[in-house]
Amino acid sequence: MDNVLLSIKGAAEFLGLSVDTLRRWDKSGKLMAIRAGGKGTHRFYRKFELELFLKDPFALARSWAFSKNPYTPEEEFYCPNSSIFQGRLTKLETLLQRTKDFERDFSLITSIVGEIGNNSFDHNLGNWPDINGIFFAYDLNKRMVVLADRGLGILQTLKRVRKSLIDDKAALEVAFTEVITGRAPEDRGNGLKYVRKVVEKSSISLFFQTGDAQLEQKPHSYEIHLRKSEDNFHGCIAFIRF
């Protein structure tokens with residue numbers, strides 16, 4: 001990963017913005033600088049963070065998850081196994097904890113990201129259709145986290161214990177609303193119900209898709225909205241905003 005530091009002037013040129021705009025964004029928290037020098041008067045930016053700022057993590061995750069031609073994601077977004085995911089999750093937690101705006105919700109954000117990511121590994125172990133692992137990206141300036149996998153999807157996971165499930169929408173509703181006891185793969189349903197409870201009690205919002213079913217949950221609301229999508233894929237994608 002590129003750890004080159006750019007001055008505020010260099011960062012402005014890289015992004016095609018004015019220095020004054022970057023100063024305003026730093027003050028508002030939209031794109032925070034690294035402070036150095038006497039009393040932190042000099043602003044610097046990591047080049048790789050500027051590159052991420054220019055990208056749309058959700059668009060990248062969706063493009064990868066929906067692709068008809070499987071490919072390995074860029075290394076900075078790819079967690080081929082749960083150990084790498086846990087390491088990057090710990091880094092995310094540390095960054096959230098150190099950022100003033102997220103001090104209150106950092107543990108909640110980390111817990112639901114961990115729940116969704118661990119589900120992907122736990123319930124696709126040895127059964128990945130093509131690409132192992134998950135896409136995991138976050139942008140604290142844009143207040144978002146994205147996770148995606150090219151796994152079996154919730155319908156195939158839950159049909160092992162709920163053979164009556166007929167489509168992705170029904171499976172997604174069960175996963176977020178019904179208590180399913182026992183060992184894996186049943187735990188997937190319980191885990192996503194926990195995610196729903198966290199969103200209800202926080203300023204976090206959630207978009208989740210599996211197959212051709214989409215779910216949205218707004219902050220501080222236990223209500224979920226389910227709908228069919230014209231797009232279909234095997235696997236899951238989650239978009240978390242905070």
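These numbers come from the heavy atoms of this one structure, side chains and all, not from hydrogens, waters or symmetry mates.
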Identify every side-chain donor-acceptor pair in residues 128-136 under 3.5 Å, counting partners at least two apart or on other chains, and give the distances.
| from | atom 1 | to | atom 2 | distance (Å) |
| --- | --- | --- | --- | --- |
| Asp130 | OD1 | Arg150 | NE | 2.9 |
| Asp130 | OD2 | Arg150 | NH2 | 3.2 |
| Asp130 | OD2 | His234 | NE2 | 3.2 |

Item to check | Pairs flagged by ring-ring contact (aromatic ring centres under 6.0 Å, His included) wherever residues 13-33 is involved - sequence neighbours left out | outcome: Trp25-Phe53
Checklist entry - Under a 4.0 Å N-O cut-off, is there an ion pair linking Arg98 with Glu103? => result no
Next on the checklist: Can you list, by chain and residue number, the hydrophobic cluster partners of Met144 when the side-chain cut-off is 4.5 Å?
Outcome noted: Phe58, Phe66, Val146, Phe207, Phe233, Ile237, Phe239
Checklist entry - Who else is in the cluster with Ile166 when I, L, V, M, F, W and Y are joined by side-chain contacts under 4.5 Å? => result none
Checklist entry - Thr21: what forms a side-chain hydrogen bond (donor to acceptor under 3.5 Å, both in side chains) with it, not counting sequence neighbours? => result Ser18, Arg24
Checklist entry - Between the side chains of Tyr194 and Ser111, does any donor sit under 3.5 Å from an acceptor? => result yes
Next on the checklist: Under the side chain to side chain donor-acceptor pair (under 3.5 Å) definition, can you give me all pairs with a residue in residues 59-72, not counting sequence neighbours?
Outcome noted: Arg62-Asp231
Checklist entry - Sequence neighbours excluded, which residues qualify as side-chain hydrogen bond (donor to acceptor under 3.5 Å, both in side chains) partners of Asp26? => result Arg35, Arg43
Next on the checklist: Per the ring-ring contact (aromatic ring centres under 6.0 Å, His included) rule, what does the pair list look like for residues 98-117, sequence neighbours excluded?
Outcome noted: Phe102-Phe242
Give every donor-acceptor pair under 3.5 Å between a side-chain atom in residues 195-204 and any protein atom, sequence neighbours left out.
| from | atom 1 | to | atom 2 | distance (Å) |
| --- | --- | --- | --- | --- |
| Arg196 | NE | Tyr222 | O | 2.8 |
| Arg196 | NH1 | Phe176 | O | 3.2 |
| Arg196 | NH2 | Tyr222 | O | 2.7 |
| Ser202 | OG | Val198 | O | 2.9 |
| Ser202 | OG | Ile204 | N | 3.3 |
| Ser203 | OG | Asp105 | OD2 | 3.0 |

Item to check | Phe121: ring-ring contact (aromatic ring centres under 6.0 Å, His included) partners, not counting sequence neighbours | outcome: none
Checklist entry - Any ion pair linking Asp212 and Lys169 (charged N to carboxylate O, less than 4.0 Å)? => result no
Item to check | Contacts of type side-chain hydrogen bond (donor to acceptor under 3.5 Å, both in side chains), residue Gln217, not counting sequence neighbours | outcome: none
Next on the checklist: Applying side-chain hydrogen bond (donor to acceptor under 3.5 Å, both in side chains), can you list everything that pairs with Glu13, at least two apart in sequence or on another chain?
Outcome noted: none
